[in-house]
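Working notes, structure below.
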Amino acid sequence: MKRLYPTLLAAAALAAVCGVMMSATLGAGVDFRGVLSRGLVAAALIGLAGAAALRPQYQRSGGGGVKGAVPQDQKRTCTFQNVAANEQALNSLMELKDYLKQPEKYVKYGARMPRGVLLYGPPGTGKTLLARALAGEAGVPFFALSGSDFVEKFVGVGASRVRELFKKARKAGRCVIFIDEIDAMGKKRDEASSDERDQTLNALLSEMSGFYTGDGVVVIAATNRIEMLDPALLRPGRFDRQIEVGLPGWSERLSILKLHGKNKPLSEGVSLERMAAQTVGFSGASLENLLNEAAILAAARDDGAIEKEDIDRAFRKTVAGEDRPSVASARERNVVAVHEAGHALVNRLLLPENRLARVSILPSGHGAAGYNLTIPAERVMVGKRELESQICVLLAGRAAEQVVFGEAALTAGAANDIARATELAAAMVLELGLNGEPAVSVRVLQRQCGGAGDAADGCRALLRRLYDETGELIKQNIRALDRLAERLLEAEALDGEEAEAVLDAALSNDRRESA
Ligand code: ADP
Ligand code: ZN
């Protein structure tokens with residue numbers, strides 16, 4: 001099956017809809033798996049932006065950003081036992097472990113081992129961990145560098161660093177060389193080519209072709225942007241084995257949580273199954289980070305165990321940032337309550353499978369004036385209905401403000417919402433053939449024929465239609481919106497179940513009265 005790499009726009013936009021590891025098979029023979037999950041957003045967070053733009057953050061923990069060559073014995077030995085999930089990658093590395101242990105055997109059979117293995121996938125999915133584990137398992141030194149360390153202003157510096165690294169590695173005998181962020185040095189040459197980078201890349205390629213099977217050297221590179229790589233890197237004899245390391249699904253998240261929860265005193269009330277269900281779109285690193293944050297909270301309290309409340313608070317803290325006291329005026333609070341209630345209402349009506357986890361009108365640590373936190377359903381496909389509905393949910397904050405306070409009173413707080421809605425609409429019109437022209441990729445037309453007529457008009461019309469529909473939907477259900485906004489003003493933050501209950505009660509009341 002041929003892999004297609006949609007542009008960053010479509011990938012990021014789609015990932016944002018699902019906030020999940022999304023494997024959308026769009027038609028026969030076209031495999032979008034994993035690609036769409038690039039630039040992933042954990043749970044879909046729709047906020048009313050305050051002073052700073054709202055951006056969920058993913059801290060990386062351990063293993064990341066290794067600088068300089070680090071011989072294995074200076075680090076705690078890491079083995080395949082330290083890796084959960086990632087079956088496919090583990091199987092592939094298993095074979096290399098045997099090779100690293102006895103390269104002679106492979107020489108005897110005349111096998112040509114892959115010189116380079118490329119691990120690709122979103123950040124935090126365990127690529128560095130896998131490479132380290134391979135070295136640990138085989139008991140050979142581990143040399144790690146980041147591609148960005150090689151990118152220098154002066155021509156020749158990067159290339160000589162590459163040669164230096166390989167010289168050191170050769171001295172060590174059998175070993176694993178790990179190059180993180182290889183895209184920094186191996187970008188496609190036609191895109192912003194530079195002499196320095198070309199020389200660095202050439203040095204790497206020639207060093208790699210200097211190895212023989214008997215040397216027992218494996219070069220592992222990692223990237224989260226495989227589509228940016230120079231094809232020369234992927235040719236036979238180079239990084240010719242490519243392994244996708246994708247975001248974990250529910251059961252994989254569960255096994256990662258179990259692994260990292262093993263040495264932590266989790267109370268009876270903590271359900272790792274529930275945590276795995278709540279963390280759609282989280283990478284291994286964000287899961288590890290979540291457990292760690294919960295452990296820190298529990299340690300500060302120091303009553304012997306990590307409680308469910310610690311996990312919930314850590315979840316909110318990692319995805320949205322901690323609540324901060326409100327400094328808004330009564331009028332501003334009112335606007336925020338209506339705005340957030342709008343998102344929650346339209347989400348409940350159009351995408352009930354996306355569960356609300358929290359609705360808040362307290363400013364968040366990440367700079368939002370309020371937010372909705374939703375846990376998207378785990379999907380393998382995303383369709384026109386979900387995309388349109390997601391745009392409506394994004395636009396619902398502003399639409400609610402307009403319905404309740406009128407156009408003249410609109411605030412700047414919806415900037416992030418409308419930017420994301422517009423990105424989604426553009427992806428639908430330009431690349432996905434999900435607006436009007438089901439068989440046309442406007443993006444390809446633009447590239448091949450120059451210009452593609454009225455694409456921007458198409459996006460505008462789509463957004464206009466969905467915005468109007470959202471406004472109508474809110475008007476029809478205005479009582480539910482009012483109820484939730486009132487509750488928010490009283491309570492400031494509601495957990496998802498309560499917010500859903502308030503909405504459902506008001507909605508079924510309306511239905512009964514109109515029947
Ligand atoms: P990447 O190189 O893909 O960005 P890392 O290997 O640096 O990701 O992962 C960072 C940390 O996240 C690891 O050190 C580990 O604690 C945790 N982690 C990520 N994926 C896994 C996994 N599959 N199993 C266990 N831990 C994981
Ligand atoms: Zn909003």
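Order of appearance sets the numbers: ligands from 1, and atoms from 1 within every ligand. What you are looking at is a predicted structure, and each value in this text was computed from that prediction instead of being measured. Numbers here are sequence positions counted from 1.
- Evaluation of the ring pair (Phe, Tyr, Trp, His ring centres under 6.0 Å) rule for F80 yields no partner, not counting sequence neighbours.
- Of the residues L247, L119, L130, N86, the one that meets the side chain to side chain contact (heavy atoms under 4.5 Å, CB included) test with T125 is L247.
- The distance from the Zn ion (ligand 2) to the nearest N/O/S atom of D417 is under 2.8 Å.
- In K127, the parts holding a heavy atom less than 4.0 Å from any atom of ligand 1 are both the side chain and the backbone.
- Each of the following atoms of ligand 1 lies closer than 4.0 Å to a heavy atom of P123: 4 (O).
- Residue contacts with ligand 1 for T128 involve both N, CA, C or O and side-chain atoms from C-beta outward (heavy atoms, distance under 4.0 Å).
- Only the backbone of N82 comes within contact range of ligand 1, with a heavy atom under 4.0 Å; no side-chain atom does.
- H339 and D417 are linked by a side-chain donor-acceptor pair at a separation below 3.5 angstrom, with hydrogens and angles left out of the test.
- Residue contacts with ligand 1 for A85 are absent, since no atom lies close enough (heavy atoms, distance under 4.0 Å).
- For H260, the heavy-atom gap to ligand 1 drops under 4.0 angstrom.
- With sequence neighbours excluded, no residue forms a ring pair (Phe, Tyr, Trp, His ring centres under 6.0 Å) with Y467.
- Side-chain contact, R324 with S364: no donor N or O sits under 3.5 Å from an acceptor N or O.
- Figure legend: R115 and F239 shown without cation-pi pairing, the cationic atom not lying both under 6.0 angstrom from the six-membered ring centre and within 45 degrees of its axis.
- For the pair NE2 of H339 and NE2 of H343, the angle whose vertex sits at the Zn ion (ligand 2) is 90° to 10 degrees.
- Salt bridge annotation for R316-D312: absent, with no cationic side-chain nitrogen under 4.0 angstrom from a carboxylate oxygen.
- In terms of polar-atom proximity, V83 is not counted as a contact of ligand 1, lacking any N or O under 3.5 Å from an N or O of the ligand.
- Ligand-side atoms of ligand 1 in range of L259: 25 (C), range being under 4.0 angstrom from any heavy atom.
- Within a 6.0 Å sphere centred on CD of E353, other residues, nucleotides and ligands contribute more than 12 heavy atoms.
- Residue-to-ligand polar distances keep I256 apart from ligand 1: every N/O pair is separated by 3.5 Å or more.
- E181 and T223 share no side-chain donor-acceptor pair at under 3.5 Å.
- Near N86, the atoms of ligand 1 lying under 4.0 angstrom from a non-hydrogen atom of the residue are 23 (N).
- Around atom 8 (O) of ligand 1, the closest heavy atom drawn from S283, A222, G284, G126 belongs to G126.
- Using a 4.0 Å cut-off to heavy atoms of E288, the atoms of ligand 1 that qualify are 16 (O).
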